[in-house]
2 protein chains.
Amino acid sequence: MNEDSQKSANLQLPCRDSYHHGDLHNSLLEAADCLLEQTGAAKLSLREVAKHAGVSHTAPYRHFKNRAAMLEAIAIAGFGRLKLLMEQAEASAPNDSEAQLLAAGLAYLQLAVNNPEHTRLMFGGMMKDVPEDGHLYAAAEESYAAIYRIIDTGRARGVFGGSDTDTVVLTAWALVHGLTMLILGTQKVNPATPAELDELTLSVTEHLLQGIRAR
Amino acid sequence: MNEDSQKSANLQLPCRDSYHHGDLHNSLLEAADCLLEQTGAAKLSLREVAKHAGVSHTAPYRHFKNRAAMLEAIAIAGFGRLKLLMEQAEASAPNDSEAQLLAAGLAYLQLAVNNPEHTRLMFGGMMKDVPEDGHLYAAAEESYAAIYRIIDTGRARGVFGGSDTDTVVLTAWALVHGLTMLILGTQKVNPATPAELDELTLSVTEHLLQGIRAR
DNA sequence: ACCTGAACACCGTTCAAGT
DNA sequence: ACCTGAACACCGTTCAAGT
């Protein structure tokens, strides 16, 4: 009955029908996480999440203030995964700033393409009326931090140029994020295979690198 | 009673309580257009749109197959406005490709910031389960076409470089779109005034231009 | 402390019926 | 052809009540 060995797999969490309890909070999040990718955030209902977790439709209110708070928790977890990947990209080539930036971009795109609904939830602006605790805000900020370090270090090394680190970071982040959203959206861009996705990312990133390289 | 003089104003359509009929289709779209910016696409209900248009809650089904089809119509109208702005940017400096590209980026950002919920509807991926007519797809494509011409002409003139026009267009579009979505989202970027928005756009675009300029 | 069931106000959608 | 009203299955949320 030990299913925990599967739990750490990074991509694609399959749905289960039964949930070990005593930790309903996490059971609900697991059920929601999995239903989200099937239905999208707009159609993700608290009642169905509760049903998949095997409890009544009012039980979730013991653990989340309301539907928006539950979506926020899912989004925060998503930013946690993003942060992890960005830090892995940073660690993958400690002495090569360009390779770090490229790895970060590739990982960002891959995570988004593998979890499109999570990404839309995190960045689609559905979290507007979230309680202003700033938890979500802070989680997003931590993903940003790794990119900041990569570029700041690169500038200190004389690899990257630009007037200030903040603008360069914003440029890089916006480019990768925009490419991501275009691929996820109704837009034309439509890479069929993971290899094509990487190739596309490389081409686009190359223009960015030429733009921010120190000269 | 002539209110049509206000109708052509490009930004911020105020809500009315009464609607001239005989053209319920457009009355519904106007009501929806206006409610959208107040509530967001997720909470925009057909019933409330109908109420604002002064008809029963089933009347909209005479004009739209369902809720998704109505949202699609709104998104298509949004792409129409975007297309217009892109073409104006193209016409604003026929002999200066860089100025055209910059004007397009500024207009894109301004439209998005003035109509955030429209932008989220158009690009947020809420149109997934839309009928595959391709109407929405085609409308998006037309906005894209102006940018394509700007960059293709710029490359023919030797102003822009890059291996192929498609990749350069994708890079430029992704950068501006990403900056837009970051500004609209929960993210840190938060320009207070229109002037700050323009300044931010200029800084980011400058890096892009350095990256795609012919050398 | 944690969960349930009934209840309320709201949805989207369908359908028979009115003019 | 165009609109209405009742009806159905679904929501989110609240609250008294159970253990």
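Since the model is a prediction, treat every value here as computed from it, not as a measurement. Order of the sequence lines fixes the chain letters, A, B, ..., with proteins taken first and strands second; residue numbering starts at 1 for each chain.
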Run the side-chain contact (heavy atoms from CB on, under 4.5 Å) test against [X] and tell me which residues pass, sequence neighbours left out.
{"X": "A/Val176", "answer": "A/Tyr108, A/Leu109, A/Thr180"}
{"X": "B/Leu46", "answer": "B/Pro60, B/Tyr61, B/Arg67, B/Met70"}
{"X": "A/Ala89", "answer": "A/Ala103, A/Ala104"}

Subject >> Gap between atoms CZ and P, on A/Phe64 and C/dC3 respectively (whole Å) >> reply: 12 Å
Given 3.5 Å as the limit, does a donor-acceptor pair link the side chain of [X] with the main chain of [Y], or not?
{"X": "B/Thr205", "Y": "B/Leu102", "answer": "no"}
{"X": "A/Glu117", "Y": "A/Gln38", "answer": "no"}
{"X": "A/Arg149", "Y": "A/Glu90", "answer": "no"}

Subject >> B/His25 side chain near D/dC2 phosphate (N/O to OP1/OP2, under 4.0 Å) >> reply: no
Original post:
Can you give the dot-bracket line for DNA chain D, using ( ) for pairs inside the strand, [ ] for pairs that cross earlier ones, | for pairs with another strand and . for unpaired bases, where Watson-Crick and G-U count if both distances are under 3.5 Å?
Top reply: ||.|||||...|||||.||
Subject >> Nucleotide-resolved protein contact map, nucleotides 12-17 of chain C, B/S/- at heavy-atom distance under 4.0 Å >> reply: BBB---
**OP:** Could you note down all residue pairs passing salt bridge (Lys or Arg N to Asp or Glu O under 4.0 Å) where residues 190-202 of chain B supplies at least one of them, sequence neighbours left out?
**Re:** none
**OP:** Starting at OH of A/Tyr148, measure out to CG of A/Leu170 and round the result to the nearest 0.5 Å.
**Re:** 12.0 Å
